[in-house]
Structure formats: C-alpha cells, structure tokens
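On a predicted model such as this, the values are computed, not experimentally measured, just so you know. Below, each value reflects all heavy atoms present in this structure, side chains not excepted, and no hydrogens, waters or symmetry copies.
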Amino acid sequence: MKKNKNLFLLKSSTVFLCIGFFIVLVACNSTKKINTTPHLNNDTCINHCFHNIHFNDSISLFEDSNLKFAHIGISVFNPKTNSYLYNYQEEKYFLPASNTKIATCYAALKYFGDSIIGLNFEENDSILFIGANADPSFLNNDFKSQKVFDWLITKKDKKIVLCNAKFNTTALGKGWSWDDFLENYAAERSSFPIYGNLVEFYYNNGYKCIPSFFEKDILESFEASNGDMKFKVSRVLGKNKFTINPGKKMVEKITFSTNENYNEFINLLEDTLKRKIERAEKKLINKFYSQSTDSILKIMMFNSDNFLAEQCLLMMSNEKFGLMNEEKIIDYLLKNDFNNLPQKPRWVDGSGLSRYNLFSPNDFVFILNKMKNEFDWNRISTIFPTATQGTLKNQFKNYKNKIFAKSGSFSNNISLSGFLTTKKGEELIFSVMINNHNSTTTNARNAIEKFLSNIIDEN
C-alpha cells in the first residue's frame with residue numbers, strides 16, 4: 001500500500017511538473033509576443049528590429065565608425081496605425097540637451113493662449129503700477145514689435161511703480177556648466193528681463209555697449225592694436241564690471257548679472273525708460289500682452305534659444321502659482337499633462353542646458369504625438385524648423401517639408417526628434433538620441449541625417 005502511494009505521488013508530481021512547464025512555456029511565448037521591442041545588440045538590431053521599414057543598405061547609424069562606442073536610442077512611430085515601426089533602446093534614458101525644449105514647447109502651446117503676458121498692471125489718474133511676468137522679449141533684438149516698451153513710453157504723465165515679483169528660483173539653472181556664465185546662450189533668468197539679459201559691446205572710437213548703462217562699468221579699455229585679434233569681454237561671476245582685452249572684432253555679446261536681489265536692475269530700467277521707478281507691494285489684476293505665443297516659440301525652436309525656453313517656464317509658473325519657479329511648474333506638468341509618459345523623465349530646466357535632464361526616445365515620441373493630436377499642424381510646422389532652416393541649416397537639403405524637427409547637442413551628445421513624411425506619404429514621428437560619441441558634432445549629425453533620409457526615401 002505504501003509502495004502504491006509513493007508511486008501515485010511520483011506520477012502526480014510528474015503531471016504537475018509538466019503542467020507547470022507548459023504554463024511557463026506559454027507565458028514565455030506570450031511575453032515574447034507582447035514585447036515587440038526587445039533590447040538587442042547592434043548586429044542583431046540591424047537584422048531584426050525593423051517592422052515594415054525598408055532600406056537599400058544596412059542601418060548606417062550603427063555602421064558609422066564615428067558612433068562605434070556611442071550609446072544610441074531610436075524610436076520611430078506611426079500615429080496612423082498607433083504602432084511603433086522601430087525601437088532600439090527606446091526605453092533607456094539619454095541626456096537630451098535642447099530636445100528638452102520640445103516638452104517646454106508643448107506646455108507653452110497649451111497654457112499660453114494666443115499671446116504671452118508682458119506685464120500685469122493697475123493704474124489710476126496719477127500712478128501706473130506694473131508687475132513683471134518674466135517676459136523675455138522686452139527690448140530683445142529678436143523681436144521687432146515692442147508693445148510693452150511703447151506702452152510705457154506713452155505713460156509720461158504717470159508715476160511708474162514696480163510691484164515686487166515673486167522670483168523664487170536662481171539666475172542660473174541646476175546642472176548648468178558654471179564656466180558658461182559669460183556665454184550668450186546662458187543668459188541669466190530673471191523676473192523682468194531686458195535686452196535678453198545680454199550686453200553687446202562694440203568698438204566705435206572707443207568701446208561702447210548696448211545698453212549704454214553699462215559703459216560706466218568698463219574697467220579697462222585698450223586701443224585695438226593687435227591686428228585682427230578679436231577683442232574679448234569678461235566679467236566676474238555675479239558682478240557687472242567688464243574687462244575688455246584689445247582686438248578689432250566689431251561686436252562681442254555676453255551675459256550681464258541680473259542681480260535679482262539688488263537695486264541695479266531698477267537703475268537699468270530707469271536709465272532705459274528715462275523715468276524714476278518706485279517700488280511697492282500690490283496685487284495686480286490687469287494683463288498687458290506683448291508677443292504672440294507662436295512668435296516666441298518659433299524663435300525658441302529655430303534658434304534653440306535657451307533664454308526664451310527658461311523664461312517660458314517662469315511665465316507659466318507665475319500665471320499658475322503666482323511665483324516664478326521652474327521646479328514647481330515642471331512638477332505640475334509631470335503629474336498632469338505628462339503623467340502617462342512611457343518613462344518618467346528627470347526634467348530640470350526649460351532649455352536643456354542642464355546635464356541633469358534625462359529623457360528616453362519614447363518620451364519624446366509620446367510628447368510629439370500628443371502635440372500633433374492636440375494642436376493645429378499649421379502651427380506646429382511653423383514653429384518647428386524644416387530642412388535647411390534654423391538648427392537644421394545645411395541639413396536635409398532635398399527634404400524641405402518632409403521633416404520638421406528639433407535638434408539638441410552638447411559636446412559628445414546629440415539628439416534629433418520630430419516629424420517626417422516618407423515618399424509614399426507615411427507620416428511618422430521619430431526620436432534619435434546619441435550620447436557619449438567620441439567624434440565631432442558634424443559627423444554625428446550627418447549620421448543621423450543619413451539614417452532618417454533612408455527612412456524617407458525607401459518607404
């Protein structure tokens with residue numbers, strides 16, 4: 001009896017093992033079917049990662065010797081079929097550089113309306129109260145229309161009182177390279193930007209600058225006497241005392257310190273408006289609009305203007321929370337508009353200057369698809385540069401209106417994400433991200449161009 005019992009147990013165990021093995025096998029097969037975008041090595045990916053995308057040659061991006069040791073992530077999506085045509089390391093995090101502006105652009109399209117607010121204000125018979133809204137266009141050379149400035153000039157019969165804005169962040173963003181503080185692509189953030197928070201020096205029988213307010217702060221000036229050597233302007237971090245080294249270069253544009261907590265800005269504004277400015281605490285209700293939203297975003301995306309992107313987040317934050325803080329508005333966007341992103345990014349600033357930012361290729365495809373679903377294509381195609389425009393200058397020469405994309409680059413890192421239309425009329429969304437390449441930006445950019453051109457031509 002005991003022997004029969006043991007035999008029964010043995011047979012039962014065998015049956016259960018077989019059933020268990022079958023369940024595991026089915027589960028594995030099911031997982032394999034669901035997981036259509038496995039992480040493969042480059043050689044395997046060349047043969048197996050494409051779905052309905054054709055090439056005359058192999059995948060040039062992986063064969064390019066300049067990218068041999070780089071980290072590469074790619075995602076290509078067909079919104080019409082709601083399916084990914086190609087994914088490679090699409091879930092991995094990459095340093096996006098200025099591709100970060102895609103997220104900022106979406107948020108601005110959604111929350112700004114037709115125009116941005118230049119100032120908040122109240123007025124009576126004798127006083128004009130104004131409150132800053134972080135508008136980056138005030139006396140910025142990129143904007144011909146200066147509605148706010150022109151409006152303020154008409155108020156000559158009224159005393160101007162500037163009401164304190166709640167600037168609740170830092171002039172320089174987290175993760176920005178500290179030694180970029182002089183560069184014109186790293187202008188300081190502020191509550192009331194003026195001249196794009198840049199000062200332009202030039203030589204005309206002596207060194208002069210715009211705004212002229214800072215001419216008093218030139219510490220050293222030399223006659224140009226060294227042939228064609230470019231003159232160089234420098235200052236100490238946090239100070240507006242400018243040293244000019246000799247040379248014949250006609251123009252040098254650098255940042256100035258905004259000194260958010262000091263009176264120097266008031267003096268600069270007074271010098272600009274030729275008016276005395278007083279300060280007060282007062283809640284302001286009325287809004288004075290300055291630029292169209294699309295004009296801001298077009299310059300931001302075409303020129304990859306970091307300053308505009310940073311100020312866009314501060315404007316959004318000020319309108320939504322009554323204070324200017326990029327962390328607060330980013331947190332709101334991630335919890336609301338971007339709560340379904342495939343991978344939760346680390347999003348730190350508006351421009352992508354920060355090396356703390358981390359996004360995946362799938363994240364950008366998601367945002368771009370969301371953008372296309374929610375906003376008019378004519379707006380998007382006006383804001384994003386196409387072939388040979390903006391940061392795509394000298395690229396995709398035969399593909400005008402076949403590609404609309406935003407580039408992003410740091411040393412050894414480059415990304416390109418956007419929209420393309422194949423020769424057969426397929427409208428696709430893509431993101432190509434390359435980190436840690438050891439070649440030139442030009443070589444890496446050319447490799448991406450060849451890869452995407454193949455997709456357009458062969459499909």
For [X], look at atom [atom1] and say whether over 12 heavy atoms of other residues, nucleotides or ligands are found less than 6.0 Å away.
| X | atom1 | value |
| --- | --- | --- |
| K166 | NZ | no |
| D114 | CG | no |
| F321 | CZ | yes |
| K335 | NZ | no |
| K232 | NZ | no |
| K174 | NZ | no |
| K147 | NZ | no |

If we only count heavy atoms from C-beta on, is the [X] to [Y] side-chain gap below 4.5 Å?
| X | Y | result |
| --- | --- | --- |
| I367 | L341 | yes |
| N357 | D349 | yes |
| V432 | F451 | yes |
| Y106 | L333 | no |
| D271 | N267 | no |
| T388 | F396 | no |
| N306 | S98 | yes |
| V348 | W176 | no |

Checking [Y] against [X]: is there a side-chain donor and acceptor pair closer than 3.5 Å?
| X | Y | value |
| --- | --- | --- |
| D457 | Y399 | yes |
| N413 | N435 | yes |
| T255 | E188 | no |
| S351 | E310 | yes |
| D135 | S290 | yes |

Measure the acute angle between the ring planes of F214 and F242, then classify it against the limits of 30° and 60° as parallel, tilted or perpendicular.
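Geometry flag for F242 against F214: perpendicular rings.
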
Stepwise side-chain hydrogen bond (donor to acceptor under 3.5 Å, both in side chains) check, N87 with S75:
CA-CA 5 Å; N87 275 325; S75 188; 2.7 Å; yes

Atom [atom1] of [X] and atom [atom2] of [Y]: how far apart are they, to the nearest 0.5 Å?
| X | Y | atom1 | atom2 | answer |
| --- | --- | --- | --- | --- |
| L109 | F375 | CG | CZ | 5.0 Å |
| L172 | D180 | CG | CG | 10.0 Å |
| S234 | I254 | OG | CD1 | 7.0 Å |
| N318 | N133 | CG | CG | 5.0 Å |
| M315 | M324 | CE | CE | 9.5 Å |
| L353 | F410 | CG | CZ | 6.0 Å |

Sole residue of F364, F338, Y93 in ring pair (Phe, Tyr, Trp, His ring centres under 6.0 Å) with F359:
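When F364, F338, Y93 are each tested with F359, the ring pair (Phe, Tyr, Trp, His ring centres under 6.0 Å) holds only for F364.
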
Using every non-hydrogen atom in the two residues, find where [X] and [Y] come nearest and quote the distance to one decimal.
| X | Y | answer |
| --- | --- | --- |
| F307 | P193 | CZ-CB, 3.5 Å |
| G352 | T100 | CA-OG1, 3.5 Å |
| T386 | F404 | CB-CE2, 3.5 Å |
| N204 | K208 | O-CE, 3.3 Å |
| A280 | V161 | CB-CG1, 3.5 Å |
| L273 | I277 | CD1-CD1, 4.2 Å |

Using ring centroids (six-membered ring only for Trp), state whether Y207 and F231 fall under 6.0 Å.
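So the answer is yes for these two rings.
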
Does the ring center of F366 lie less than 6.0 Å from the ring center of F77?
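No, ring centres 6.0 Å or more apart.
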
I'd like to know if the side chain of [X] and the backbone of [Y] have a donor-acceptor N/O pair within less than 3.5 Å.
| X | Y | value |
| --- | --- | --- |
| N459 | T422 | no |
| N412 | H437 | yes |
| T243 | L219 | no |

Check against side-chain hydrogen bond (donor to acceptor under 3.5 Å, both in side chains), Q343 and N362:
CA-CA 8 Å; Q343 288 77 46; N362 271 359; 4.5 Å; no

side-chain contact (heavy atoms from CB on, under 4.5 Å) between L237 and W178, worked out
CA-CA 9 Å; L237 181 63; W178 74 267; 5.5 Å; no

Walk me through it: do R445 and I414 pass the test side-chain contact (heavy atoms from CB on, under 4.5 Å)?
CA-CA 7 Å; R445 184 181 287 119; I414 188 166; 3.8 Å; yes

How would you list, by chain and number, every residue that makes a side-chain contact (heavy atoms from CB on, under 4.5 Å) with Y289, sequence neighbours excluded?
S115, I117, K287

Kindly write out the residues that satisfy side-chain contact (heavy atoms from CB on, under 4.5 Å) with A132, not counting sequence neighbours, or none if the list is empty.
A165, S191, F192

Hey, could you give me each pair passing salt bridge (Lys or Arg N to Asp or Glu O under 4.0 Å) that has a residue in residues 95-106? Not counting sequence neighbours.
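Those involving residues 95-106 do not exist here.
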
Evaluate the criterion side-chain hydrogen bond (donor to acceptor under 3.5 Å, both in side chains) for residue pair N99 and S417; output intermediate values, then yes/no.
CA-CA 7 Å; N99 265 204; S417 303; 2.7 Å; yes

Can you confirm if the NZ or CZ of K92 lies within 45° of the ring axis of F94 and under 6.0 Å from the centre of its six-membered ring?
no

Are any of the side-chain nitrogens in E122 or K282 under 4.0 Å away from the carboxylate oxygens of its partner?
no

With the threshold set at 4.0 Å, does a side-chain nitrogen-carboxylate oxygen contact exist between E278 and K159?
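Counted as a salt bridge, because a side-chain N and a carboxylate O are separated by less than 4.0 Å.
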
Walk me through it: do T258 and F167 pass the test side-chain contact (heavy atoms from CB on, under 4.5 Å)?
CA-CA 12 Å; T258 56; F167 185 78; over 6 Å; no

The residue among K239, R235, K241 that forms salt bridge (charged side-chain N to carboxylate O under 4.0 Å, His left out) with D217 is K241

Pair M300-D142, side-chain contact (heavy atoms from CB on, under 4.5 Å): steps then yes or no
CA-CA 10 Å; M300 181 182 86; D142 287 328; over 6 Å; no

side-chain hydrogen bond (donor to acceptor under 3.5 Å, both in side chains) between N197 and S190: does it pass, once the steps are laid out?
CA-CA 8 Å; N197 286 353; S190 67; 3.0 Å; yes

